[in-house]
Visitor: 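To start, I am sharing the structure in question, which I have written as structure tokens.
Just so it is clear, the values below take in all heavy atoms, side chains as well, and ignore hydrogens, waters and symmetry mates. Below, read A as the first sequence line, B as the second, and so on, with proteins coming before strands; counting in each chain starts at 1.
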2 protein chains.
Amino acid sequence: MAESVDDAGDFAGGESAQDKQTAAPPRNAFTELMAPKTKPPKPDAGKSSRSATGKGGKWTGALVEYIEHPERFPREVLRVTPNTVLIKDLYPKATIHLLLLPRDPARYLMNPREAFDDGTFLSVVRDEAVSAARIAAAELSRQLSSFSASSQAQNEAIDAGVLAAELPPGRDFLSEMRIGVHAHPSMDHLHVHIFSPDMHSDKVKHYKHYNSFNTPFFIPLDDFPLAADDERRSTAFQNANLKRDFVCWRCGKVFGNKFAELKRHLEIEFELWKKT
Amino acid sequence: MAESVDDAGDFAGGESAQDKQTAAPPRNAFTELMAPKTKPPKPDAGKSSRSATGKGGKWTGALVEYIEHPERFPREVLRVTPNTVLIKDLYPKATIHLLLLPRDPARYLMNPREAFDDGTFLSVVRDEAVSAARIAAAELSRQLSSFSASSQAQNEAIDAGVLAAELPPGRDFLSEMRIGVHAHPSMDHLHVHIFSPDMHSDKVKHYKHYNSFNTPFFIPLDDFPLAADDERRSTAFQNANLKRDFVCWRCGKVFGNKFAELKRHLEIEFELWKKT
DNA sequence: TATTCCGATAGTGAC
DNA sequence: GTCACTATCGGAATGAG
């Protein structure tokens with residue numbers, strides 16, 4: 001199906017020489033049913049190396065496995081460049097949820113708020129994140145266009161056999177994609193989230209899963225570098241964000257601490273959102 | 001089987017004329033498998049009358065149903081006298097768990113700490129509670145004697161065909177029975193608990209279930225009337241009792257707030273206790 | 001200090 | 001804020017002819 005965003009085929013475009021022969025799935029790793037079965041590392045099954053930041057006792061997480069051995073994960077790895085590895089989140093918190101992993105060991109254990117103080121690094125990551133968002137939007141379009149009123153004209157043209165080059169534009173999924181990072185220092189490896197806004201996922205199980213993406217705890221990549229006095233650098237502020245009342249990402253309704261109620265509401269909003 | 005406590009057959013002894021024709025199960029309501037099936041009132045299924053104490057909004061409980069219509073509950077009602085009704089607790093917190101319900105409407109909505117300030121009332125209830133404890137001990141003996149080392153000589157004599165009148169004494173289950181009330185004003189009808197000390201029951205599900213019987217929240221009937229300054233009259237003291245660390249009734253081991261761990265321990269203690 | 005159901009909250013262990 | 005598992009803790013409903 002032709003897409004209103006059309007970068008899905010761009011998947012291997014930025015791949016570096018050293019990874020070319022091993023890290024490239026056939027065309028698009030979203031076609032995972034055809035990919036060879038591999039076992040992704042458990043989120044906690046990485047090497048037990050400790051953080052290089054001097055904050056002992058925290059796990060670096062398993063994301064480093066994707067960087068060091070992307071060829072081992074053909075189902076998860078969507079793209080490898082000299083600077084980043086793009087993977088599908090193993091526990092997606094929305095219909096589409098990708099992670100962009102900077103590969104530089106000098107960066108990937110840093111707090112994102114500080115890592116992105118470096119404008120050059122930020123610029124590289126930002127470019128590749130936008131590229132990743134195009135891949136994400138293409139996949140979202142593939143999944144949702146048939147339900148979308150905004151894509152109806154395009155859908156009908158496709159059914160009528162109109163050539164791809166002459167299709168009317170469909171829904172602009174790319175503009176809905178969210179790109180950013182979690183604020184608080186965590187045990188995990190530096191990673192940028194690229195995801196659809198719906199929060200419609202079985203993996204959204206805890207209040208932190210929701211509020212870490214739907215409060216100022218989530219920092220859009222466009223907001224970097226943060227001002228020195230940006231309150232989002234404050235741990236106290238961010239802890240409070242995670243405990244905030246739930247607010248529907250779409251309609252703004254407040255749910256207090258009623259997580260189960262929020263979840264039921266998200267089901268309804270997802271159906272409405274699909275149809276727009 | 002002959003019992004070292006032998007009041008089981010005394011079940012209907014104190015029955016009043018007005019209840020005689022309706023409230024008497026065949027011999028002993030513990031033989032419940034033979035009793036007609038009836039549906040006991042749910043613990044909260046009483047009439048919607050509110051407490052006479054002026055504390056609106058609390059359930060009065062359904063115990064009054066047993067008093068007003070004991071004949072409707074042949075499986076639960078063990079004995080009816082002019083003063084009390086003895087029933088099996090619908091949610092037994094130990095191997096044997098009976099409730100003795102004073103029948104006087106002028107008393108049964110009172111706080112037990114005050115109701116038992118009346119020596120005459122207390123004396124009547126105490127006598128009938130001791131009688132109830134004999135019934136309870138007889139049933140406990142029936143259930144546990146075969147496991148009991150203290151009853152071994154009696155068990156062997158029974159197997160050898162020794163006449164009941166000449167059997168050696170078995171384990172003194174009556175001395176282990178606990179008789180008393182819960183301290184704090186509750187939504188429920190005045191009732192005296194008669195129970196074995198084991199706390200071995202699927203119905204022990206919450207910390208209050210345990211601590212309400214194994215802290216000073218439980219007041220032995222023998223301790224009444226309480227002195228005017230007895231700390232057990234204090235609501236604050238009793239609230240604290242319910243939140244105390246769990247202490248094994250048998251070995252004294254402390255379990256903090258680890259209820260599940262306590263439960264596992266109680267299983268072990270029950271097996272040991274049975275065999276003593 | 002009625003029960004039961006549901007659900008929010010907290011601690012842990014993972015290698 | 002990694003997940004998954006266990007368990008503790010907390011509120012609300014409950015009946016009724």
Visitor: Could you tell me whether A/N239 contacts a base, only the sugar-phosphate backbone, or nothing, with contacts defined as non-hydrogen atoms closer than 4.0 Å?
Guide: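 Result for A/N239 = base.
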Visitor: What string of B, S and - do you get for nucleotides 5-12 of chain C 5' to 3' if you count protein non-hydrogen atoms under 4.0 Å?
Guide: --SSSS--
Visitor: Using a cut-off of strictly less than 4.0 Å, decide whether B/H209 has a side-chain nitrogen or oxygen near OP1 or OP2 of C/dA2.
Guide: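 No, because none of the side-chain N or O atoms of B/H209 sits under 4.0 Å from OP1 or OP2 of C/dA2.
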Visitor: How is A/N211 classified with respect to the nucleic acid when contacts are heavy atoms under 4.0 Å: base, sugar-phosphate, or nothing?
Guide: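 If one applies the 4.0 Å heavy-atom cut-off, A/N211 turns out to touch nothing in the nucleic acid.
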Visitor: Show your working on ring-ring contact (aromatic ring centres under 6.0 Å, His included) between A/F224 and A/F121 and close with a plain yes or no.
Guide: CA-CA 11 Å; A/F224 286 96; A/F121 177 68; over 10 Å; no
Visitor: Ignoring hydrogens and angles, write down the donor-acceptor pairs under 3.5 Å from the side chains of residues 250-259 of chain A, residues two or more places apart or on other chains.
Guide:
residue	atom	partner	partner atom	Å
A/R250	NH1	A/E269	OE1	2.7

Visitor: So, B/Q238 side chain and B/R232 main chain: donor-acceptor pair closer than 3.5 Å or not?
Guide: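 Judged by distance alone, yes, a pair lies under 3.5 Å.
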Visitor: Starting at atom CG of B/L262, determine the distance to atom C1' of D/dA7, rounded to an integer number of angstrom.
Guide: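 Computing the B/L262:CG to D/dA7:C1' distance gives 13 Å.
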Visitor: Are the aromatic ring centres of A/F213 and A/H97 under 6.0 angstrom apart?
Guide: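 Yes, ring centres under 6.0 Å apart.
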Visitor: Is the ring centre of A/H191 less than 6.0 Å from the ring centre of A/H193?
Guide: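 Aromatic pair counts; centres sit under 6.0 Å.
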Visitor: For C/dC15 versus D/dA4, give the span between their C1' atoms, rounded off to a whole number of Å.
Guide: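 My reading of the C1' atoms in C/dC15 and D/dA4 gives 15 Å.
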Visitor: What stem regions, each of at least 3 consecutive Watson-Crick or G-U pairs below 3.5 Å, can be found for DNA chain D?
Guide: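 DNA chain D forms these stems: C:2-14 with D:2-14.
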Visitor: What's the separation between atom CG in A/L140 and atom OG1 in A/T95, rounded to the nearest 0.5 Å?
Guide: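 These two atoms lie 6.5 Å from each other.
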Visitor: From A/L266 CG over to A/W249 CH2, what is the distance, rounded to the nearest 0.5 angstrom?
Guide: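 With rounding to 0.5 Å, CG (A/L266) is 8.5 Å from CH2 (A/W249).
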Visitor: What's the CG-P distance between B/L90 and D/dT14, to the nearest Å?
Guide: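 For the pair B/L90 CG and D/dT14 P, the rounded distance is 20 Å.
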Visitor: Okay, side chain of B/R233, backbone of B/L226: is any donor-acceptor separation there less than 3.5 Å?
Guide: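 Between the backbone of B/L226 and the side chain of B/R233 there is a qualifying donor-acceptor contact (under 3.5 Å).
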Visitor: Taking only N and O in the side chain of A/K205, is any of them less than 4.0 Å away from OP1 or OP2 of D/dC3?
Guide: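 The answer is no; no side-chain N or O of A/K205 sits under 4.0 Å from OP1 or OP2.
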Visitor: Hey, what do you get for CZ (B/F246) to NE2 (B/H265), rounding to the nearest 0.5 Å?
Guide: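 Rounded to the nearest 0.5 Å, the CZ-NE2 separation comes to 13.0 Å.
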Visitor: Between C/dT4 atom C1' and B/Y91 atom OH, what is the distance in whole Å?
Guide: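 Atom-to-atom, B/Y91 to C/dT4, this comes out as 9 Å.
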Visitor: Let me know the distance between CG of A/D202 and P of D/dC3, rounded to the nearest Å.
Guide: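 Interatomic distance, CG of A/D202 to P of D/dC3: 13 Å.
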Visitor: Between D/dC9 atom P and B/D245 atom CG, what is the distance in whole Å?
Guide: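 Nearest whole value for this atom pair: 10 Å.
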Visitor: Provide, to the nearest angstrom, the distance between the NE2 atom belonging to B/H97 and the P atom belonging to C/dA2.
Guide: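 Those two atoms, NE2 and P, are 11 Å apart.
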Visitor: Round to a whole Å and report the spacing from CD of B/E65 to C1' of D/dA16.
Guide: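 Checked: the CD to C1' distance equals 11 Å.
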Visitor: B/K93 side chain N/O closer than 4.0 Å to the phosphate oxygens (OP1, OP2) of C/dA2?
Guide: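 False: B/K93 side-chain N/O out of range (4.0 Å or more) of C/dA2 OP1/OP2.
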Visitor: Separation of B/I87 atom CD1 from C/dA2 atom P, in whole Å?
Guide: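 For the pair B/I87 CD1 and C/dA2 P, the rounded distance is 13 Å.
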